[in-house]
*Asks:* 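Provided herewith is a single structure, encoded as structure tokens, for subsequent inquiry.
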Amino acid sequence: MSVAAMPDISSPLAPAATDITYAANAAAATAATPQWRAQLKLEFTPVAGRTALTSYEQEGPLRVQQLFYPTALQPSAAVSATALNTVAEAHCYVLHPPGGMVGGDALYQHMRAAKGAQVVVTTPAAGKFYRSNSTQIQQVTFSVAENSALMYLPQETIFFASCQARLHQEVEVAPTAIFMGADICCFGRVGRGEDFSTGWVQSTLRLSRQGQPLLSEILRVGKGFNPQAWTTLHGASCHGMLYVVPTVEQESLMAELTPKLQELRLPESRGGAGADRSCLYGCTYRRGVLTVRYLGDRVEQARALLQEALTLIYPALLGRPWQAPRIWQT
């Protein structure tokens, strides 16, 4: 693919490269053909002791199944006085029936957790960005109200060689709310001998509280961005990240939990057998945001690591054990 087909990256901080808005994305998608646009707007609200989907707007190929309630409500004294554990947590599966994105496709999602709601949003399968000669766009925004908790934990995203993917995630969290997000990216299909020597991916993430930024990141992969792109990923094909925003009251608790998370071991490294020497992981806590990161070549290893982190984080913040969505086991 020619460099001319890439987005403007003349400056790492250039607005054209980092300020990805709905309008800009819509214009890019409109210019590409064919176009398959989809939108989904969800609002979750406590109703009769459990979280319900009280507002649902859908256009194009995006759907949700009925909500699932894997665990009964179990109030815990370990949770702070913000009453975060007063309604049953719902699990919501977002479906994209086409199964993947081609050139010109644009997916927009907005999800809001109203006061007191608790919901885990996930997907039944991996997302896919196929080979393309035009831009593919995915944008997700979240609003997490007072005393609510929203966990956005989709399954991995696979970027095929020669895709042209632009992703953006925007999160606004109230001071008494919790947000958790996960992002596992697979560049190329290593199992089939396909690397990511062609194509590009630009992914941005912004977390904020009351309009003040907590975390702003941009990930660019592709030789148009950097001729030594694989050097920046240490030769790895899989990047995984878990990011957690606790309530303001829980920030000291997260600071205490961070050393335990830093001691997590990659699952394959137990007993010394089967360890992948190229795998790296780490955990940091800064400015009210906890991040756990993985870099390697095995998506199942990334999944296992992030789930181990959740087994420590969930009881500390929500007062109950982490339970993976049932769809992950099918």
*Asks:* Is there a side chain to side chain contact (heavy atoms under 4.5 Å, CB included) between L167 and T204 once you walk through the steps?
*Replies:* CA-CA 6 Å; L167 303 91; T204 58; over 6 Å; no
*Asks:* Might you work through the side chain to side chain contact (heavy atoms under 4.5 Å, CB included) test for L62 and H96, ending with a clear yes or no?
*Replies:* CA-CA 5 Å; L62 278 174; H96 181 225; 4.2 Å; yes
*Asks:* Output the distance between atom NZ (K41) and atom CD (Q58), rounded to the nearest 0.5 Å.
*Replies:* 13.5 Å
*Asks:* Side-chain donor-acceptor pair under 3.5 Å between T176 and T247, yes or no?
*Replies:* no
*Asks:* Do M151 and V121 have side chains that approach each other closer than 4.5 Å (heavy atoms only, starting at C-beta)?
*Replies:* no
*Asks:* What are the two closest non-hydrogen atoms of L95 and P124, and how far apart are they?
*Replies:* CD2-CG, 3.2 Å
*Asks:* If we only count heavy atoms from C-beta on, is the R326 to F68 side-chain gap below 4.5 Å?
*Replies:* no
*Asks:* Decide whether Y285 and Q262 meet the rule of one side-chain donor and one side-chain acceptor closer than 3.5 Å.
*Replies:* no
*Asks:* Looking only at non-hydrogen atoms, find the nearest pair between Q250 and A316 and report the distance.
*Replies:* NE2-O, 4.4 Å
*Asks:* Please answer: with hydrophobic residues joined when any side-chain heavy atoms are less than 4.5 Å apart, are I184 and W322 in the same cluster?
*Replies:* yes
*Asks:* For T123 and Q155, which I'm curious about, is there any donor-acceptor pair between the side chains at under 3.5 Å?
*Replies:* no
*Asks:* Which pairs would a plain distance check flag for residues 48-55, meaning a side-chain donor or acceptor within less than 3.5 Å of a matching protein atom at least two apart in sequence or in another chain?
*Replies:*
{"residue": "T51", "atom": "OG1", "partner": "A88", "partner atom": "O", "Å": "3.2"}
{"residue": "T51", "atom": "OG1", "partner": "Q118", "partner atom": "N", "Å": "2.9"}
{"residue": "T51", "atom": "OG1", "partner": "Q118", "partner atom": "O", "Å": "3.0"}
{"residue": "T54", "atom": "OG1", "partner": "E43", "partner atom": "O", "Å": "3.4"}
{"residue": "T54", "atom": "OG1", "partner": "T45", "partner atom": "OG1", "Å": "2.8"}

*Asks:* CG/L257 to CG/L290 distance, rounded to the nearest 0.5 angstrom?
*Replies:* 7.0 Å
*Asks:* Can you give me the closest heavy-atom contact between F196 and A161, atom names plus distance?
*Replies:* CD1-CA, 4.1 Å
*Asks:* Do R189 and F160 come close enough that some side-chain heavy atom pair is under 4.5 Å?
*Replies:* yes
*Asks:* If you group Ile, Leu, Val, Met, Phe, Trp and Tyr by side-chain heavy-atom gaps below 4.5 Å, do V144 and L214 land in one group?
*Replies:* yes
*Asks:* Check the angle between the aromatic planes of Y152 and F142 and answer parallel, tilted or perpendicular using the 30° and 60° thresholds.
*Replies:* tilted
*Asks:* Search all heavy atoms of C279 against all heavy atoms of D297 and return the closest pair with its distance.
*Replies:* SG-N, 4.5 Å
*Asks:* Could you check if a side-chain atom of P325 sits within less than 4.5 angstrom of a side-chain atom of V120, using non-hydrogen atoms only?
*Replies:* yes
*Asks:* Taking all heavy atoms of E172 and all of G211, pick out the closest pair and write down the distance.
*Replies:* OE2-N, 3.4 Å
*Asks:* Same hydrophobic cluster for L253 and L261, using side-chain heavy-atom links shorter than 4.5 Å among ILVMFWY?
*Replies:* yes
*Asks:* Starting at CD1 of I137, measure out to NE2 of H168 and round the result to the nearest 0.5 Å.
*Replies:* 12.0 Å
*Asks:* Go through S237 and V190 one step at a time and tell me if the side chain to side chain contact (heavy atoms under 4.5 Å, CB included) criterion holds.
*Replies:* CA-CA 7 Å; S237 61; V190 176; 3.1 Å; yes
*Asks:* Is W36 close to P98 at the side-chain level, that is, under 4.5 Å between some pair of heavy atoms?
*Replies:* yes
*Asks:* Quick check for you: to the nearest 0.5 Å, what is the distance between Q307 atom CD and Q323 atom CD?
*Replies:* 11.0 Å
*Asks:* First locate atom CZ of F187, then atom SG of C163, and finally report the distance between them rounded to the nearest 0.5 Å.
*Replies:* 8.5 Å
*Asks:* Considering only residues two or more places apart or on different chains, which pairs with a residue in residues 128-157 satisfy salt bridge (Lys or Arg N to Asp or Glu O under 4.0 Å)?
*Replies:* E156-R303
*Asks:* I'd like to check Q138 versus Q169 (side-chain heavy atoms, cut-off strictly below 4.5 Å). Are they in contact?
*Replies:* no
*Asks:* Are L150 and V248 connected in the hydrophobic side-chain network, where two residues link if heavy atoms are under 4.5 Å apart?
*Replies:* no
*Asks:* If we count only N and O atoms by modelled type, under 3.5 Å, do the side chains of E89 and Y69 hold a donor and an acceptor together?
*Replies:* no
*Asks:* If I compare all heavy atoms of A165 with all of F129, which pair ends up nearest, and what's the gap?
*Replies:* CB-CD2, 3.6 Å
*Asks:* The criterion is salt bridge (charged side-chain N to carboxylate O under 4.0 Å, His left out); which residues satisfy it with E59, sequence neighbours excluded?
*Replies:* none
*Asks:* For residues L42 and V64, determine if any side-chain heavy atom of one lies less than 4.5 Å from a side-chain heavy atom of the other.
*Replies:* yes
*Asks:* Does the pair E251/R209 count as a salt bridge with the N-to-O cut at 4.0 Å?
*Replies:* yes
*Asks:* Can you confirm whether F44 sits close enough to L67 that some side-chain heavy atom of one is under 4.5 Å from a side-chain heavy atom of the other?
*Replies:* yes
*Asks:* Answer yes when R298 and E300 have at least one side-chain N-carboxylate O distance shorter than 4.0 Å, and no when they do not.
*Replies:* yes
*Asks:* Please report the C-alpha distance between V245 and V171 in whole Å, then the side-chain angles of each, then the deciding distance to 0.1 Å, and finally whether the side chain to side chain contact (heavy atoms under 4.5 Å, CB included) criterion is met.
*Replies:* CA-CA 10 Å; V245 181; V171 185; over 6 Å; no
*Asks:* Under a 4.5 Å side-chain heavy-atom rule over Ile, Leu, Val, Met, Phe, Trp and Tyr, are L305 and W328 clustered together?
*Replies:* yes
*Asks:* Can any side-chain N or O of Q136 pair as donor or acceptor with the backbone N or O of M101 at less than 3.5 Å?
*Replies:* yes
